[in-house]
Amino acid sequence: MKIVNEYEYQKAFLLFDELTAEMVVNPEKKVEARRVAEAIQAYEAEFIKFPRPTTLAGMIELKMYEMKLKQKDLAELLEVETSRVSEILNGKRKITLEVAKKLHTKLGIDGNFILEVA
């Protein structure tokens, strides 16, 4: 399945909703739902440009989402306390040079972006 325009994109969402509702009684619908979801994702990747975050906290949250990390997981990855991660995300604490380096190496956040917004 390939989505080529906005109309098909909207129809795919409706179809996905129907399939997920039917999965409860018919597990075979799960395969079709996955196929539709992948088509939706492919269309979004090609045609819909989501704005990149403009704050460091926003970028960290995006990376957490992409990597499926919770604050606790991020704290372990950055080798800091969970409370420090919370303070950074809430703008109550500035990052250290050490944390900036880890954000760059472990999360792949561009160093120039970190310097511009920190």
Side-chain angles (χ1 to χ4, degrees):
M1 171 179 209
K2 181 169 171 81
I3 301 170
V4 295
N5 58 44
E6 180 69 23
Y7 177 73
E8 289 180 2
Y9 178 67
Q10 296 299 326
K11 280 182 59 174
F13 269 106
L14 295 173
L15 176 59
F16 181 77
D17 287 343
E18 289 173 20
L19 291 170
T20 54
E22 292 174 17
M23 285 184 337
V24 176
V25 294
N26 187 352
E28 295 171 3
K29 296 292 182 178
K30 187 175 185 177
V31 173
E32 191 175 348
R34 179 176 298 280
R35 186 176 56 82
V36 172
E38 289 171 354
I40 290 169
Q41 288 176 335
Y43 179 83
E44 289 175 344
E46 186 174 351
F47 296 106
I48 299 176
K49 301 299 178 204
F50 295 102
R52 300 298 287 174
T54 57
T55 65
L56 184 57
M59 183 60 77
I60 293 170
E61 289 174 349
L62 173 64
K63 293 295 184 175
M64 288 173 61
Y65 173 77
E66 290 175 348
M67 299 171 74
K68 296 176 177 55
L69 298 173
K70 296 179 180 158
Q71 282 189 17
K72 182 183 103 178
D73 304 325
L74 179 62
E76 289 175 13
L77 187 67
L78 299 178
E79 300 171 8
V80 298
E81 297 293 321
T82 306
S83 60
R84 179 170 290 177
V85 170
S86 178
E87 290 170 345
I88 291 170
L89 292 175
N90 289 315
K92 295 180 180 178
R93 181 185 288 256
K94 299 244 183 226
I95 61 168
T96 64
L97 180 58
E98 182 181 333
V99 170
K101 287 179 183 179
K102 290 177 183 175
L103 289 171
H104 174 68
T105 58
K106 297 188 178 191
L107 294 184
I109 298 175
D110 181 37
N112 289 327
F113 178 81
I114 295 170
L115 290 173
E116 289 172 9
V117 297

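Just so we're clear, the structure is a prediction, and the values are computed from it rather than from any experiment.
- A side chain to side chain contact (heavy atoms under 4.5 Å, CB included) with T96 is found for exactly one of R93, K94, E98, namely E98.
- Annotation: side chain of I40 is in contact with side chain of V36 (closest heavy-atom distance under 4.5 Å).
- In K106, the NZ atom is crowded: over 12 heavy atoms of neighbouring residues, nucleotides or ligands sit closer than 6.0 Å.
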Quiz item: When you look at K11 and E8, which way does the salt bridge (Lys or Arg N to Asp or Glu O under 4.0 Å) test go after all the steps?
Solution: CA-CA 5 Å; K11 280 182 59 174; E8 289 180 2; over 6 Å; no

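- Ring pair F13/Y9 is perpendicular by interplanar angle, where above 60° counts as perpendicular and below 30° as parallel.
- In terms of modelled atom types and a separation under 3.5 Å, the side chain of K30 and the main chain of N26 share no donor-acceptor contact.
- Heavy atoms of other residues, nucleotides or ligands lying less than 6.0 angstrom from NZ of K72 number 12 at most.
- Residues M1 and V4 do not share a hydrophobic cluster, clusters being chains of Ile/Leu/Val/Met/Phe/Trp/Tyr side chains in contact below 4.5 Å.
- The environment of E66 atom CD is dense: over 12 non-hydrogen atoms of other residues, nucleotides or ligands sit within 6.0 angstrom.
- Counting heavy-atom neighbours within 6.0 Å of R34 CZ, excluding the residue itself, gives a total of 12 or less.
- Proximity of a side-chain donor or acceptor of K29 to a complementary backbone N or O of E22 within less than 3.5 Å is not detected.
- Each of F16 and M23 belongs to its own hydrophobic cluster when Ile, Leu, Val, Met, Phe, Trp and Tyr are linked at side-chain heavy-atom distances under 4.5 angstrom.
- Looking at heavy atoms from C-beta onward, L107 lies in side-chain contact with L74 at the 4.5 angstrom threshold.
- Residues L15 and V25 fall into different hydrophobic clusters, defined by Ile, Leu, Val, Met, Phe, Trp and Tyr side chains chained together at heavy-atom separations under 4.5 Å.
- For E6, the CD atom sits in a packed shell: over 12 heavy atoms of surrounding residues, nucleotides or ligands are nearer than 6.0 Å.
- Put simply, the side chain of N5 gets close to the backbone of Y7: a donor and an acceptor are under 3.5 Å apart.
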